[in-house]
**Q** 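Shown below is the structure under consideration.
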Number of protein chains: 2
Amino acid sequence: MAQPDTVTRILDTAEVLFAERGFAETSLRNITSKAKVNLAAVNYHFGSKKALIQAVFARYLDPFTTRFHAALDELEARHRQDGSEIPLEELLETMARTVLEVPAERNSLKVFMRLLGLAYSQAQGHLRRYIQEEYGSVFMRFTELVRRATPELPDAERFWRLHFVLGTVIFTLSGLDALRDIAEQDYHEHVSVRDLVRRLRPVVVSAMQAPLPEPPAQQEAS
Amino acid sequence: MAQPDTVTRILDTAEVLFAERGFAETSLRNITSKAKVNLAAVNYHFGSKKALIQAVFARYLDPFTTRFHAALDELEARHRQDGSEIPLEELLETMARTVLEVPAERNSLKVFMRLLGLAYSQAQGHLRRYIQEEYGSVFMRFTELVRRATPELPDAERFWRLHFVLGTVIFTLSGLDALRDIAEQDYHEHVSVRDLVRRLRPVVVSAMQAPLPEPPAQQEAS
DNA sequence: CAAAGTTGGAAACAATTGTTTGAATATGGC
DNA sequence: GCCATATTCAAACAATTGTTTCCAACTTTG
């Protein structure tokens, strides 16, 4: 499409407004007026509002997948040498590190997380489809590694637990501002994102390694 | 406001559409045409779209808070007799049971959960404020009981962990349809809501009882 | 039965939405 | 210099939004 200043001004403004208010609640006029560009610029450079939304995501997810693939490459290479399986903690740790790393440059982890949360919760069917098609492969690679790291878990159980912890992370980090306000007000304790990740670690690990649920419906367990 | 058939037809239709597509993405014309009532009926009976949204929530949350208070009363009374503290599992169990119980009549747990998820994720400031003001007290009562059940947890840690598991539950149950599709397709296994709650139980308990995170910088031991 | 008040309905309201148009301006290659 | 292309801009577009108006139909009540 195009490269220069207008495009990034639009993207910078759009991602903030989207994160603050959602997609449907943010009009193109909101974006263009705040970005000080002409209204038609969005349709000119991106084609449509849908395409703009996808472009906002691509600017985060493209570098993320690149780095995450690289990090997994390195992790696999290291463990291929000493012949050991990659432990679950290391996988989770790697993912967390990559997630923290990518938006660090623009100091916008909060925006990134909020966008991810919106992608799941807003109806926007096209978005989920886009993300699935464009970035599904890296997620599949990760889950396959998790599978090898947790051979004791039935496949279905692991599937659900991964989504359980995904929910924890996205919910917490995407609602971070509101929660942080409450926490600071109630406990007079400032929480940084790194702080939260530190708190999340043992919880997520314990969640993944929780005992298996009792088998369904039958009154009699062994 | 009013009582008869039109009002409930609007509410029934609105909650389904809201759950499917979000608030901003659902127009009053969508609702009224599908409910086969006149467009003006919404503003006549509820006053505004905002008020309709709140009414949809109230229809779930009012009975929920009533029953939850009652269930907690009973739980407290039972444990006051034998002098023991209420264990965490029982608290979580009670909440889960109440959540499952309330919408069971209309077979709309999915809708209920999806609405809760939207309430958190959609910007809709008025909604969060409304829910907080209207139903904050029952949540505070619950957290106080959780506090007594987990005296080993620092207050801030407990606060965060409660929101961690809240995220798990809301995220999972509100995105249930999509996740269920994937799960059935990949593992040929049908998952009911009760099934999911069964899977959630050990995960949530383990998450709450996870070891404390290490203070800001140190190595880890299992 | 008739008056009063409540509910239902078609139409119009003003505001806002995403998108398109066509002319003006800047930019870059020759 | 000039031409072609790329970008910006103001204006208008058609569609949709929540809300209001005014009148008909109904139910209740005296």
**Q** Evaluate the ring planes of B:Phe57 and B:Phe23, with Trp represented by its six-membered ring, and classify them as parallel (under 30°), tilted (30 to 60°) or perpendicular (over 60°).
**A** tilted
**Q** Can you confirm whether B:Tyr130 sits close enough to B:Tyr135 that some side-chain heavy atom of one is under 4.5 Å from a side-chain heavy atom of the other?
**A** yes
**Q** Could you tell me how far apart A:Phe46 (CZ) and C:dG18 (C1') are, to the nearest whole angstrom?
**A** 15 Å
**Q** CG of B:Leu52 versus P of D:dT17: gap in Å, rounded?
**A** 15 Å
**Q** What closest approach, in Å, do A:Tyr60 and A:Ser108 show between heavy atoms, and which atom pair accounts for it?
**A** OH-OG, 2.9 Å
**Q** In residues 30-41 of chain B, which residues come under 4.0 Å of DNA chain C by heavy atom?
**A** B:Asn38, B:Ala40
**Q** Taking only Lys NZ, Arg NE, NH1 and NH2, and the carboxylate oxygens of Asp or Glu, determine whether A:Arg180 and A:Asp195 approach each other closer than 4.0 Å.
**A**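 Looking at A:Arg180 and A:Asp195, the cut-off is not met.
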**Q** Find every protein N or O atom lying less than 3.5 Å from an N or O atom of nucleotides 13-16 of chain C, and list the pairs.
**A**
none

**Q** Can you measure from CG (B:Asp12) to CG (B:Leu17) and round to the nearest 0.5 angstrom?
**A**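 Reported to 0.5 Å precision, the distance equals 11.0 Å.
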**Q** So, are A:Arg201 and A:Glu93 salt-bridged, with charged N and O less than 4.0 Å apart?
**A** yes
**Q** So, OP1 or OP2 of C:dG18: does either fall under 4.0 Å of a side-chain N or O from A:Ser48?
**A** no
**Q** Can you tell me how far the CZ atom of A:Phe139 sits from the CZ atom of A:Phe68, to the nearest 0.5 Å?
**A**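 Spacing of CZ (A:Phe139) from CZ (A:Phe68) equals 9.5 Å.
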**Q** So, is B:His45 close to the C:dT6 phosphate, meaning a side-chain N or O under 4.0 Å from OP1 or OP2?
**A** no
**Q** In plain terms, say whether B:Glu144 and B:Arg148 are close enough for a salt bridge, that is, a side-chain N and a carboxylate O under 4.0 Å apart.
**A** yes
